[in-house]
Amino acid sequence: MAKRCNYFWRLLATAIAFSAFGLGGALFSLSVFPLLILLIRDPEKRTLLSRRVVQMSFAGFILLMRALGLLSYRIVGAEKLNRHGLLILANHPTLIDVVFLISLLPNADCVVKSSLARNPFTRGPVRASNYICNDSSEGLVQDCIRSLRAGNNLVIFPEGTRTPLDGSLKLQRGAANIAVRGKRSITPVTIRCEPRGLAKGQAWWRIPAKPIRFTIEVGDDLAVEPFTQDCGEAIAARSLTRHLHEFFLNQSNLHANPGT
C-alpha cells in the first residue's frame, strides 16, 4: 500500500513539476525576455543576462524535482566547467539532460530548432539568449565555431535525439565536424540515470518504480589534433565520431557492469 501511494504521489508530483516548467516558461517568454530585449540595447550584455536567467530557471526546476522526491543527482568534475569556450558533448538518455547541463553553465549556448525562434512562447528566450538555430547544416557548423571563438560554452548532444531505451547509440557527425573544423578540444560529459525514465519513446507519466538517480560526470578534455593529423577534415570527423561512439558506449557499459 505504501509503495502504491508513493507511486501515485510521484506521478502527481511529476505533473506538478512539468506544469510549473511549462507555465513558468510561458510567463518568462511573455514578460521577462521581451523586457530584456526592450530595455537592454547592448547585445552582448543582453545575451549574458538572458542566459543567466535561463540558467537560474533551469537550476530552480532541478531543485523543484529533487524537493518533490522525483530525482537525486551527483555531479562529478563540475570544476572542469569553470572555463570559457568549451565544446561540451554529452550523451542524451533523458528529457531533462539539457536542463541539467545549462543549469551548471552561466554562459551556455546551444542549438535549438528554428521553429522555436518563431513560436510566440519560446522566441523570447531564444532571441534574447542568442541561441543557435539549426536552419542549415553547413551554416550551423560555422555558427557553432563562431560561438566557441566568442568564448561561449556550447552544449551539443551528438546523438541528435534521446538514447533509445535499449541503450543503442547512433552519433551524428555534426559535433565532430565542429571540433575538427574549429580545431577545438572536446569536454565530454557522461549522463547516467538509474532507473531509466523520461527516455525516448517513454511518456512523461510512465514514471519508474523509484526516483531517478542521476550521475553527471565531466571527463578530461579530448584533444582533436590526433584525429586531424595527415588526413582531411571529412576523414578526421568520421574517425572522431567513431571514437566518441566508443567512449560513450564504454562509459555506459562500465556503469551497467561495474565489476567488469
Side-chain angles (χ1 to χ4, degrees), residues 13-68 70-71 81-88 90 92 94-157 160-162 174 178 189 198 204:
T14 301
I16 292 172
F18 280 99
S19 296
F21 187 86
L23 291 173
L27 178 62
F28 273 51
S29 296
L30 296 175
S31 58
V32 175
F33 292 104
L35 283 175
L36 289 177
I37 294 172
L38 179 64
L39 299 177
I40 303 178
R41 309 309 300 174
D42 185 300
E44 185 174 344
K45 290 182 179 179
R46 181 173 64 239
T47 296
L48 288 173
L49 181 56
S50 177
R51 289 176 179 176
R52 182 64 171 167
V53 171
V54 173
Q55 180 203 13
M56 294 175 66
S57 301
F58 282 5
F61 177 69
I62 295 297
L63 290 175
L64 173 63
M65 293 193 75
R66 186 175 69 174
L68 291 171
L70 300 175
L71 57 80
L81 299 178
N82 295 328
R83 296 174 289 162
H84 300 288
L86 299 178
L87 175 55
I88 299 167
H92 198 1
T94 80
L95 182 65
I96 60 173
D97 299 330
V98 68
V99 178
F100 259 115
L101 290 180
I102 290 182
S103 73
L104 300 173
L105 297 162
N107 185 23
D109 198 358
C110 60
V111 178
V112 300
K113 295 179 180 179
S114 56
S115 59
L116 295 179
R118 298 189 295 269
N119 187 309
F121 293 103
T122 56
R123 67 186 179 194
V126 170
R127 287 179 57 200
S129 300
N130 199 27
Y131 291 142
I132 300 170
C133 294
N134 63 347
D135 294 306
S136 66
S137 57
E138 182 59 33
L140 177 61
V141 170
Q142 294 304 319
D143 288 343
C144 289
I145 293 173
R146 278 193 291 270
S147 178
L148 290 167
R149 290 175 177 169
N152 301 316
N153 292 325
L154 181 62
V155 177
I156 293 182
F157 299 101
T161 185
R162 279 175 284 169
I178 294 166
V189 176
L198 302 175
W204 67 264

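- In this structure, the side chains of Phe21 and Leu64 stay at 4.5 Å or more apart for every pair of heavy atoms.
- Remark: Phe33 pairs with no residue by the ring pair (Phe, Tyr, Trp, His ring centres under 6.0 Å) rule, at least two apart or across chains.
- With sequence neighbours left out, Tyr131 forms a ring pair (Phe, Tyr, Trp, His ring centres under 6.0 Å) with no residue at all.
- The side-chain heavy atoms of Val112 and Cys133, taken from C-beta on, include a pair separated by under 4.5 Å.
- In plain terms, the two heavy atoms of Ser114 and Asn134 that are nearest each other are N-OD1, 2.9 Å.
- Across every non-hydrogen atom of Ala90 and Leu101, the tightest pair is CB-CD1, 3.8 Å.
- By the 4.5 Å heavy-atom criterion applied to side chains, Ile88 and Leu105 are counted as neighbours.
- Atom CZ in Arg123 sits 9.0 Å away from atom CG in Leu30 (nearest 0.5 Å).
- Proximity of a side-chain donor or acceptor of Asn107 to a complementary backbone N or O of Asn153 within less than 3.5 Å is not detected.
- Considering CE of Met56 and CG of Leu63, their distance stands at 11.0 Å, rounded to 0.5 Å.
- Ser147 contributes no side-chain N or O that, together with a main-chain N or O of Asp143, makes up a donor-acceptor pair within less than 3.5 Å.
- For the pair Gly124 and Ile37, the tightest heavy-atom approach, listed with the atom from each and the gap, is O-CD1, 4.2 Å.
- Note that CG of Leu154 is 5.0 Å distant from CG of Leu148, once rounded to the nearest 0.5 Å.
- Leu104 approaches Gln55 most closely through the heavy-atom pair C-NE2, 3.9 Å.
- Applying the salt bridge (charged side-chain N to carboxylate O under 4.0 Å, His left out) rule to Arg52 yields no partners; only residues at least two apart in sequence or on another chain are considered.
- Within the structure, salt bridge (Lys or Arg N to Asp or Glu O under 4.0 Å) contacts touching residues 94-113 (residues at least two apart or in different chains) are Arg51-Asp109.
- Phe61 is not listed as a side-chain neighbour of Phe100, based on a closest heavy-atom distance of 4.5 Å or more.
- A donor-acceptor pair is defined here as one N or O able to donate and one able to accept, closer than 3.5 Å; no such pair exists between the side chain of Ser103 and the backbone of Ala59.
- No donor-acceptor distance shorter than 3.5 angstrom exists from the side chain of Thr94 to the backbone of Leu198, with no hydrogens or angles considered.
- The two residues Ile156 and Cys144 have their closest heavy-atom pair at CD1-SG, 4.4 Å.
- Scanning both residues, Pro125 and Ser29, for their nearest heavy atoms gives CD-OG, 3.4 Å.
- Between Leu81 atom CG and Leu86 atom CG the span is 6.5 Å, to the nearest 0.5 Å.
- Ala15 pairs by the side chain to side chain contact (heavy atoms under 4.5 Å, CB included) definition with Trp204, not counting sequence neighbours.
- You'll find the side chain of Thr47 stays beyond 4.5 Å of the side chain of Asn152, heavy atoms only.
- Sequence neighbours left out, not one pair with a member in residues 20-47 passes salt bridge (Lys or Arg N to Asp or Glu O under 4.0 Å).
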